Structure formats: C-alpha cells, structure tokens
Number of protein chains: 2
Amino acid sequence: MMKIEVLLVEDQGMVLGALAALLNTEPDITVSGTAGNGRVALDLMAKKPPQVLVTDIEMPQMTGLELAAEVKERFPKTRVVILTTFARPGYLRRALDAGAQGYLLKDRPAAELAEAIRRVHRGLRVVDPDLAAEAWTADPDPLTDRERQILQRAGDGMSTADVARELGLSEGTVRNYLSESIAKLGVSNRIEAARLARSKGWL
Amino acid sequence: MMKIEVLLVEDQGMVLGALAALLNTEPDITVSGTAGNGRVALDLMAKKPPQVLVTDIEMPQMTGLELAAEVKERFPKTRVVILTTFARPGYLRRALDAGAQGYLLKDRPAAELAEAIRRVHRGLRVVDPDLAAEAWTADPDPLTDRERQILQRAGDGMSTADVARELGLSEGTVRNYLSESIAKLGVSNRIEAARLARSKGWL
DNA sequence: CTTCGCGTATGACATTTGTCATGCTGACAA
DNA sequence: TTGTCAGCATGACAAATGTCATACGCGAAG
C-alpha cells in the first residue's frame with residue numbers, strides 16, 4: 001500500500017513538530033517533509049513534490065495563500081490543504097481562488113486533519129462547514145487592489161506621505177483612496193477601516 | 001519505570017491532539033488527559049492530579065495564568081508549564097508569580113517540550129532563554145494609567161472626540177496624552193504607538 | 001460607435017490630529 | 001513651611017488626515 005506523502009508548512013516549531021507526530025500515527029499517511037516558511041517549502045518540493053501540502057496561512061516571508069498559488073502553478077499535481085486559526089471568509093475565498101482543495105480550522109478535533117488529507121488526496125474538496133456557510137452569506141470584499149494596498153500600509157502606521165512615496169502617488173490621491181475605503185466600509189477613520197478589513201480577511 | 005503523567009490544556013483542538021501525539025512518542029512521558037479549557041482541566045485534576053500540567057495562556061473562560069494560580073493553590077504537587085505563542089515579558093512575570101515552573105514558546109523546536117517537562121518534573125525551572133533575557137533588559141512600561149486608557153481606545157479606532165466624551169475630558173487633553181505617549185514611545189502617530197504598546201504587553 | 005461605469009488620479013477645502021507653552025494640584029523631601 | 005516634581009488638564013497653533021468635485025482612459029453593454 002502506498003502511503004500518502006504530506007509536506008507540512010507551519011511557522012511555529014512546536015506546532016509543526018506536533019502535527020508531524022500526529023500524522024505519523026496514521027497508518028496510511030507519512031510526513032515526507034516539514035518547513036517553517038513558504039520559501040523552504042518550495043525548495044523541498046523542487047526535489048520531491050508531495051501528494052498533499054498542508055500549510056498555515058500567516059507566516060513570515062510568504063503567506064500560505066501565496067504559497068498555494070505558486071504550488072498550483074509549479075506543481076499542479078500536489079493538492080493543497082490550508083490549516084489555519086482564522087475563520088475569515090476572505091481567506092477562504094482567496095484560498096479557493098489560489099487553488100487550495102481544503103480549508104480547515106485549528107479549532108477542529110485533531111482527527112479531522114488526517115481525514116481531510118485523505119479526502120483531498122482522493123480528489124475531493126474539504127471546507128470547514130461552519131465557515132463555508134458564513135462565507136456564503138458574507139459580503140464580498142468591496143475594495144479595489146489599490147485601496148487594499150494603501151489600507152494595508154496605513155493600518156501599519158504609515159503616514160499618508162510615506163504611502164504616497166512608496167507607491168509613487170500624490171498625497172492627495174492616497175488620501176482619496178483612504179477616504180473611499182472608509183466610506184465603503186462604513187467606518188469613520190483609517191484605523192477602523194484597517195481593523196475591519198483585516199478581521200474580514202480582506203488584507 | 002514510572003512515566004511522567006501530563007495533563008494538556010489548549011483550546012485549539014487540532015493543536016491539542018497534535019501535542020498529545022507528540023508527547024506520546026516519548027518513552028518516559030504519558031498524556032493522562034487533555035482539556036480544551038481551564039474548567040475542564042480542574043475537573044479532571046480533581047479525580048487524578050497529574051505530575052505536570054502543560055497549558056496555553058489565551059483560552060476562553062479561564063486563562064492559563066488563572067489556571068496556574070488555582071492549581072498552585074489546590075494541587076501544589078503538580079508542576080505547571082506555560083506553553084504560549086506570546087513572548088511578552090508581562091506574561092512571563094505573571095506566570096512565575098502564579099507559580100508556574102516553566103514558560104515555553106510555541107516558536108521553539110518540538111523537542112524542547114518533552115525536555116522542559118522532564119526538567120520541570122525534576123524540580124527545575126525552565127524559562128525560554130531569549131524571553132528571560134528580554135524580560136531582564138526590557139524597558140518597563142513608560143505609560144501612565146491615563147495614557148494607557150487613552151491609547152487603548154485610540155488604537156481601537158476611536159476618534160479624539162469619542163475618547164474625550166467617554167472619559168469626560170476635553171479633546172485637547174486627550175490629544176495631549178496621545179502626544180505624550182507618541183513621544184515616550186518614540187513613534188510618529190497614534191497607530192504606531194498603540195501597535196508598539198500592545199506588542200510589549202502594555203495595553 | 002457611443003455610452004456607461006469603474007478604476008485611477010488630482011488639488012482645494014474642512015476637519016481631525018499632534019505639538020507646545022502653560023497652569024493647577026497633591027505628595028514627598030528638605 | 002517651602003521647594004520641587006510628577007501627573008493631570010487646557011487651549012492656541014501647526015501639521016496631517018478626510019471629503020469632495022472633477023477629470024481621464026479603458027473595457028463592457030447597448
């Protein structure tokens with residue numbers, strides 16, 4: 001019997017090791033490699049692509065969503081399962097757009113991980129049911145690319161001038177995008193706008 | 001040979017199960033129980049106190065720090081190891097005050113968990129070395145109560161006027177406190193100030 | 001081919017935010 | 001008692017932020 005080969009990507013060493021131990025207790029699954037960030041994961045895959053890639057989203061250098069997109073491009077036969085803390089509709093949508101076959105929350109019982117890997121390996125999709133339901137009713141991201149780009153930086157504390165310089169725009173333009181974003185999100189300043197957008201998974 | 005009995009407390013099911021799998025691969029350690037929050041953990045301990053309790057900090061209903069304090073009170077023979085994502089000096093201090101013998105970060109390699117449990121079981125203390133060093137050199141919170149109060153609200157997106165109304169101050173006063181905080185923290189606006197203060201555990 | 005809508009871009013103007021000089025109070029040491 | 005020092009409070013002023021009217025190009029719908 002061929003075991004399912006899984007590559008694990010997760011930036012918290014303790015959790016990475018623990019998940020590996022968990023999966024190795026499954027008779028039909030083997031952890032073929034582990035990585036602490038997306039770059040390392042891609043290097044490992046270049047040598048030997050696994051059948052299933054399990055990755056966290058929020059990681060330094062390269063997010064799991066970016067990784068998923070790149071994997072879909074370069075290793076189309078590898079299935080991707082996103083494993084994250086965050087039940088954000090925006091993340092789910094972007095994960096599916098990026099070609100992920102699975103989206104699982106760390107809140108769920110441990111047994112669901114192996115089961116999800118098996119299903120995805122068989123060609124099925126696996127999406128956390130509560131989140132899927134929420135994503136169905138949830139408002140779509142109303143922001144344009146530019147607005148997202150600017151809101152992101154403003155939310156990190158950059159001044160209008162900083163943002164304008166970095167993106168090669170006039171300050172007035174930057175203020176205008178911020179104003180648009182604030183209006184679209186129905187809030188009253190850039191701080192609330194950034195917080196809301198982040199909580200929805202739009203940034 | 002007597003195995004070391006460990007009770008695991010962690011609110012994310014996936015991580016809880018994975019940590020249990022990890023520890024069960026150690027020949028001298030056995031996971032005697034698991035709980036998703038502090039209340040359940042105390043119930044389990046009432047029946048059979050483990051030798052070592054490993055707990056996360058941020059959990060619903062009862063934090064790991066509260067749990068540690070209660071365990072010290074009711075089950076003084078059980079050693080406590082805090083296992084958390086957050087490298088905040090303030091947390092470390094409170095953990096040690098609450099009677100924890102260990103403070104470990106989820107960033108660290110998986111092998112360190114078992115080792116920490118062994119050390120703590122032998123009566124030693126285990127504290128993440130980087131964090132201990134940081135806690136030693138770390139700047140103390142330079143903010144006054146008022147400044148904290150105001151920075152907190154500003155960081156949540158409240159306008160100066162909102163804050164002034166809620167705290168019964170004039171707008172000028174609120175701006176002044178914000179200005180003071182910004183200067184003390186060496187940043188250039190309220191957003192950065194709130195972010196920095198939060199990251200240090202001062203809010 | 002037009003018209004429309006959308007994303008992008010700008011600057012003038014109003015509002016909010018940040019800085020600074022100043023004053024009041026109470027605790028504590030000289 | 002007096003000096004002084006920290007925390008709290010204020011308003012005038014300067015700077016950054018938010019709003020609005022406006023304009024241009026481009027692709028889709030008519």
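These figures come from a predicted structure and were not determined experimentally. Throughout, a chain's letter reflects where its sequence line sits, starting with A, and its residues are numbered from 1.
Every pair passing salt bridge (Lys or Arg N to Asp or Glu O under 4.0 Å) that includes a residue from residues 8-22 of chain B is listed here, sequence neighbours excluded: B:Glu10-B:Lys106. Within the structure, the salt bridge (Lys or Arg N to Asp or Glu O under 4.0 Å) test picks out the following pairs touching residues 73-87 of chain B (sequence neighbours left out): B:Glu70-B:Arg74. Identified under the salt bridge (Lys or Arg N to Asp or Glu O under 4.0 Å) test for residues 153-164 of chain B, with sequence neighbours left out: A:Arg195-B:Asp156, B:Arg153-B:Glu166, B:Asp156-B:Arg198, B:Asp162-B:Arg165. Here salt bridge (Lys or Arg N to Asp or Glu O under 4.0 Å) pairs that include residues 21-30 of chain A, with residues two or more places apart or in two chains, are A:Glu26-A:Arg118, A:Asp28-A:Arg118.
We find that CG of B:Leu143 is positioned 11 Å from P of D:dC8, with the value rounded to whole Å. One atom, CG of A:Leu167, and another, C1' of C:dG7, lie 15 Å apart when rounded to the nearest Å. Between B:Arg146 atom CZ and D:dG7 atom P there is a gap of 14 Å when expressed in whole angstrom units. Atom NZ of A:Lys184 and atom P of D:dT19 are 14 Å apart (whole Å). Rounded to a whole Å, the CZ atom of A:Arg148 is 15 Å from the C1' atom of C:dT8. A:Arg165 has its CZ atom 13 Å from the C1' atom of D:dA16, to the nearest Å. To the nearest angstrom, C1' of D:dA9 lies 13 Å from CD of B:Glu147. Rounded to an integer number of Å, the gap from CD1 of A:Ile150 to C1' of D:dT17 is 14 Å.
A close approach under 4.0 Å does occur between a side-chain nitrogen or oxygen of A:Thr144 and OP1 or OP2 of C:dT8. The side chain of B:Ser170 contributes no N or O atom lying less than 4.0 Å from OP1 or OP2 of D:dA9.
Counting only heavy atoms from C-beta outward, the side chains of B:Leu19 and B:Leu83 approach each other to under 4.5 Å.
Evaluation of the side chain to side chain contact (heavy atoms under 4.5 Å, CB included) rule for A:Glu147 yields A:Leu143, A:Thr144, A:Tyr177, A:Glu180, A:Ser181, A:Lys184 as partners, not counting sequence neighbours.
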List, with names and distances, any nitrogen or oxygen atoms from the protein found under 3.5 Å away from nitrogen or oxygen atoms belonging to nucleotides 16-23 of chain C.
from   : atom 1 : to       : atom 2 : distance (Å)
C:dT17 : OP2    : B:Thr160 : N      : 3.0
C:dT17 : OP2    : B:Thr160 : OG1    : 2.8
C:dG18 : OP1    : B:Arg190 : N      : 3.2
C:dG18 : OP2    : B:Arg190 : NE     : 2.5
C:dG18 : OP2    : B:Arg190 : NH2    : 2.6
C:dG18 : N7     : B:Arg175 : NE     : 3.1
C:dG18 : O6     : B:Arg175 : NE     : 3.1
C:dT19 : OP2    : B:Ser179 : OG     : 2.9
C:dC20 : N4     : B:Asn176 : ND2    : 2.8

